[in-house]
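Start at 1 and go down the list; that is how both ligands and their atoms are numbered.
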Amino acid sequence: MVLCALRSSSCCGVWSRLLQRQARGCVHSSVHSFNQDGIREKLQVFPGGSVDLLKQDSGVAVLTINNPSRMNAFSGSMMVDLEERVTQLENWADGKGLIVQGAAGTFCSGSDLNAVRAISNPQDGMKMCMFMQDALTRLLRLPLVSVALVEGKALGGGAELLTACDFRLMTSGSLIQFVHKHMGLVPGWGGAARLVRIVGSQNALKLLGGAVKVDSKLGCDIGLTDGVLEDDQEVTGVGTSLQRAESWLSRYVEGPAPVIRAAKRVVLSGRELPLTEALRMEKDVFGTVWGAPANLQALASKSKHR
Ligand SMILES: CC[C@H](C(=O)O)C(=O)SCCNC(=O)CCNC(=O)[C@H](O)C(C)(C)COP(=O)(O)OP(=O)(O)OC[C@H]1O[C@@H](n2cnc3c(N)ncnc32)[C@H](O)[C@@H]1OP(=O)(O)O
């Protein structure tokens with residue numbers, strides 16, 4: 001229903017405005033009956049765990065899904081936490097990168113089934129779905145290069161969460177599974193739409209239709225996974241998984257924040273907008289870096305790219 005409303009308004013101007021609102025604001029704000037505050041109140045009734053944000057001086061933030069006693073399942077209050085952390089990241093002008101991880105060596109086992117059982121009626125399900133679509137769409141649209149660090153298991157909504165990052169790293173023993181079929185469901189947090197864009201419709205249908213268990217090898221083969229890290233217990237002297245993920249990300253966030261953020265913006269518009277609009281957006285973003293300090297400095301230093 002929500003997606004239909006978005007699709008039917010797919011003229012370039014609307015898409016452009018949607019993307020331009022990426023800095024702040026709600027993806028579904030124009031959809032009748034999407035009352036974000038009302039949904040937030042409803043979700044808060046299901047407490048437990050937290051979503052924690054650490055903004056570092058390096059310009060790389062770490063977002064941790066933290067509910068270890070339930071394998072980092074999302075309680076209602078954690079969904080609200082997630083949306084608030086995304087707002088904080090939208091307002092973080094100096095940021096360049098983001099790592100999304102789960103606490104205590106596992107990624108995320110999806111929605112908290114206790115909360116899911118309590119809101120298993122269609123109306124509440126729709127509201128939760130729109131709230132999480134909004135939060136995860138805005139997460140992917142942040143002007144930060146983002147990577148999901150998948151340790152342990154990423155199931156159901158947890159698998160959807162990792163598709164809302166630019167890149168995915170898996171530790172060698174980790175597993176991704178869109179278990180929705182086994183729950184009589186399909187993804188509702190935008191995970192199917194993003195998965196198709198990452199692995200193509202053939203592979204996406206296999207993963208959803210077969211609830212296939214994706215290990216690090218299969219993940220690499222189909223392009224879901226961008227790198228494999230050895231499990232912490234298997235290695236010595238090369239740091240924790242988080243340190244290795246930071247090291248992997250460092251080459252993509254090295255350099256001045258305005259340039260890295262501009263790179264993410266042009267890729268994002270290329271990915272989401274029709275060509276004419278994407279070109280217009282690229283021109284606008286180009287205008288923010290042309291003649292700016294990093295550009296002038298590079299020109300003055302007569303740099304060679306050997
Ligand atoms: C389908 C989409 C939907 C959505 O909202 O869009 C969802 O995401 S629904 C949730 C889909 N996820 C699941 O169904 C996961 C179910 N859990 C498992 O398969 C296992 O617990 C597993 C594989 C995550 C871990 O297995 P393991 O043997 O290693 O540990 P335990 O089973 O003993 O789990 C420890 C502890 O965590 C609780 N737990 C795990 N996942 C959830 C969850 N999603 N919601 C609530 N609680 C969860 C589990 O019940 C155990 O608690 P305990 O009190 O010890 O029984």
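Using a 4.0 Å cut-off to heavy atoms of Gly157, the atoms of ligand 1 that qualify are 7 (C), 8 (O). Taking every non-hydrogen atom of Ala73 and a distance limit under 4.0 Å, the qualifying atoms of ligand 1 come out as 43 (C), 44 (N), 45 (N). Close approach of ligand 1 to Gly110 (heavy-atom distance below 4.0 Å) involves ligand atoms 8 (O).
Ion pair Arg271/Asp166 flagged as a salt bridge, since at least one NZ, NE, NH1 or NH2 atom sits closer than 4.0 Å to an Asp/Glu carboxylate oxygen. Salt-bridge annotation for Glu277 and Arg280: present, with a side-chain N of the basic residue lying under 4.0 Å from a carboxylate O of the acidic one.
Residues in residues 189-200 take part in these side-chain hydrogen bond (donor to acceptor under 3.5 Å, both in side chains) pairs, two or more places apart or across chains: Thr163-Arg194.
Nearest protein neighbour of atom 44 (N) of ligand 1, counting heavy atoms only, is Ser111 O, 2.9 Å. Protein heavy atom in closest approach to atom 26 (O) of ligand 1: Met71 CE, 4.6 Å. At the shortest separation from atom 16 (C) of ligand 1 among protein heavy atoms lies Leu113 CD1, 3.9 Å. Among all non-hydrogen protein atoms, the one lying nearest atom 11 (C) of ligand 1 is Ser109 O, 3.5 Å.
For a threshold of 3.5 Å applied to N or O pairs, the pair formed by Ser69 and ligand 1 contains at least one separation below that value. Between His180 and ligand 1, no pair of N/O atoms sits closer than 3.5 Å.
When heavy-atom distances to ligand 1 are checked against a 4.0 Å cut-off, Trp189 comes that close only through its side chain, counted from C-beta outward.
Residue Gly158 places no heavy atom under 4.0 Å from ligand 1.
Among all heavy-atom pairs drawn from Val212 and Gln177, the shortest one is O-CG, 3.7 Å.
Nearest-residue assignment for atom 24 (C) of ligand 1 (options Asn67, Asn72, Leu155, Ile119; heavy-atom criterion): Leu155.
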